[in-house]
Amino acid sequence: MAAAVGPRRAWSRAVLSKIRLSRRRRGLVRREIVIASRRKHHRGPARGETTRRRHGGAQELRELVPGGETMDYQNLLDETAHYVKCLTTQVKVMRSIVNYCSTPVN
């Protein structure tokens with residue numbers, strides 16, 4: 001869906017960049033897991049936990065919408081609406097595929 005939307009929306013750019021980055025890092029994943037498992041430091045509260053308390057729902061939206069971390073509130077709402085619309089369309093397409101594949105051929 002992000003490829004269909006293209007670079008017009010911030011959430012689709014964020015998703016596409018994550019895909020590209022994951023393709024580049026496939027060989028490094030195992031190494032990062034080993035390094036992370038060796039760390040035994042206890043860190044304080046999760047990053048952004050205090051911010052979440054102050055900003056409530058906006059911070060949660062920023063975490064849910066790809067690329068939302070850097071948006072102001074107005075753009076965040078606009079991107080959220082578009083992202084939800086695209087996800088809804090994606091669910092409809094998947095349901096259509098399931099219905100098509102599950103109907104018996106006579």
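Everything numeric in this text was worked out from a predicted model, so none of it was measured. Excluded from the calculations below are hydrogen atoms, water molecules and symmetry mates; all remaining heavy atoms, backbone and side chain alike, are included.
Residues forming a side-chain hydrogen bond (donor to acceptor under 3.5 Å, both in side chains) with Asn99 (at least two apart in sequence, or on another chain): none. Not counting sequence neighbours, Thr70 has no partner by the side chain to side chain contact (heavy atoms under 4.5 Å, CB included) test. In this view, Leu77 and Leu61, Tyr73 satisfy the side chain to side chain contact (heavy atoms under 4.5 Å, CB included) rule, not counting sequence neighbours.
In this structure, a donor-acceptor pair under 3.5 Å is absent between the side chains of Asp78 and Asn75.
For the pair Arg9 and Ser12, the tightest heavy-atom approach, listed with the atom from each and the gap, is O-OG, 2.8 Å. Shown here for Met71 and Ala10, the closest heavy-atom pair between the two residues is CE-CB, 3.4 Å. Ala14 approaches Gly67 most closely through the heavy-atom pair CB-N, 3.3 Å.
Note on Val15 and Leu87: same hydrophobic cluster, where clusters join Ile, Leu, Val, Met, Phe, Trp and Tyr whose side-chain heavy atoms are under 4.5 Å apart, directly or indirectly.
Between the CG atom in Asp72 and the CZ atom in Arg62 there is a gap of 8.0 Å [rounded to 0.5 Å]. How far NZ of Lys92 is from CZ of Arg95: 9.5 Å, rounded to the nearest 0.5 Å.
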